[in-house]
Amino acid sequence: AQSVTQLGSHVSVSEGALVLLRCNYSSSVPPYLFWYVQYPNQGLQLLLKYTSAATLVKGINGFEAEFKKSETSFHLTKPSAHMSDAAEYFCAVSKGSGGYNKLIFGAGTRLAVHP
Amino acid sequence: EAQVTQNPRYLITVTGKKLTVTCSQNMNHEYMSWYRQDPGLGLRQIYYSMNVEVTDKGDVPEGYKVSRKEKRNFPLILESPSPNQTSLYFCASSLRQGAGSSPLHFGNGTRLTVT
């Protein structure tokens with residue numbers, strides 16, 4: 001069965017510092033993987049997705065993630081944090097081999113950015 | 001503007017009083033889904049619908065009902081709400097089934113409190 005583990009429920013970085021949010025997955029089939037962001041009082045927005053093309057995936061707002069099959073990881077990074085990046089981030093894996101759109105979400109990581 | 005609209009945004013009710021949370025999308029999406037978000041648990045799927053008159057249980061369907069009589073609407077019904085259904089609820093839709101090409105679009109959420 002597919003599952004997602006996000007390491008660290010809270011991450012705090014300084015403005016301008018590297019952002020690294022960790023996600024490990026388990027899947028019995030080649031996975032579709034996603035990162036979503038949730039700003040306060042809003043729904044989730046898609047940051048980026050991996051669908052078995054390039055292993056390094058670039059998303060919106062300067063974020064990117066690298067699919068590493070050997071480590072079963074899909075960590076999210078951004079070279080330089082902005083105050084506007086403060087939000088909750090969710091990693092998700094698609095349940096099923098693309099035949100239907102059921103996502104299994106991780107518990108989320110809340111990112112705080114301080115001056 | 002393409003969007004998923006949920007109503008109400010906030011709802012406080014008492015145990016046992018039937019309620020409905022509405023969800024509507026204007027993107028002609030086939031797939032719609034309901035999730036609940038609880039701290040430390042991420043988002044868990046309640047019900048989903050592949051198309052009109054086609055619905056199925058997600059991972060936490062107990063105590064909920066849905067219907068899909070029209071393509072654009074997917075209401076969530078709590079026949080007899082209980083305090084353990086206090087949560088933040090999200091409706092989401094995508095163009096079609098198949099996670100690789102159809103990212104989910106989320107509504108802004110409904111915060112439900114059952115006393």
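Given the structure is predicted, the values throughout are model-derived calculations rather than measurements. All values below come from the heavy atoms of this structure, side chains included, with hydrogens, waters and symmetry mates left out. Within every chain, numbering begins at 1; the chains are lettered A, B, ... in the order of the sequence lines, protein sequences first and strands thereafter.
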Is A/L33 reachable from A/W35 through a run of hydrophobic residues whose side-chain heavy atoms are each under 4.5 Å from the next? yes

Applying a strict 4.5 Å limit to non-hydrogen atoms, the region of A/Q45 in contact with chain B is neither

Note: A/A107 and B/G40 closest approach over all heavy atoms is CB-O, 3.3 Å

CZ/B/R44: more than 12 non-hydrogen atoms of other groups inside 6.0 Å = yes

* Asked: Are B/Y64 and B/L43 in one and the same hydrophobic cluster, where Ile, Leu, Val, Met, Phe, Trp and Tyr link if side-chain heavy atoms are under 4.5 Å apart?
  -> no

Going through the distances and angles, do B/L104 and A/L103 end up as a side chain to side chain contact (heavy atoms under 4.5 Å, CB included)?
CA-CA 9 Å; B/L104 285 172; A/L103 294 185; 3.7 Å; yes

ILVMFWY network linking A/L7 to A/Y89, side-chain heavy atoms under 4.5 angstrom = no

Does one hydrophobic cluster hold both B/L76 and B/V54, with members joined at side-chain heavy-atom distances below 4.5 Å?
-> no

Under a 4.5 Å heavy-atom criterion, the part of residues 7-19 of chain B in contact with chain A comprises B/R9, B/Y10

Next item on the list: For A/Q38 and B/Q37, run side chain to side chain contact (heavy atoms under 4.5 Å, CB included): C-alpha distance rounded to whole Å, both residues' side-chain angles, the deciding distance at 0.1 Å, then the answer.
Entry: CA-CA 12 Å; A/Q38 183 181 29; B/Q37 182 181 7; 3.0 Å; yes

Tell me whether A/V11 shares a hydrophobic cluster with A/M83, the cluster being built from Ile, Leu, Val, Met, Phe, Trp, Tyr side chains joined at under 4.5 Å. yes

dist B/S94:OG -> A/L46:CG (nearest 0.5 Å) comes out at 11.5 Å

Turns out that what part of B/L41 lies under 4.5 Å from chain A's heavy atoms comes down to backbone

Between the OH atom in A/Y36 and the CZ atom in B/F106, the distance rounded to the nearest 0.5 Å is 5.5 Å

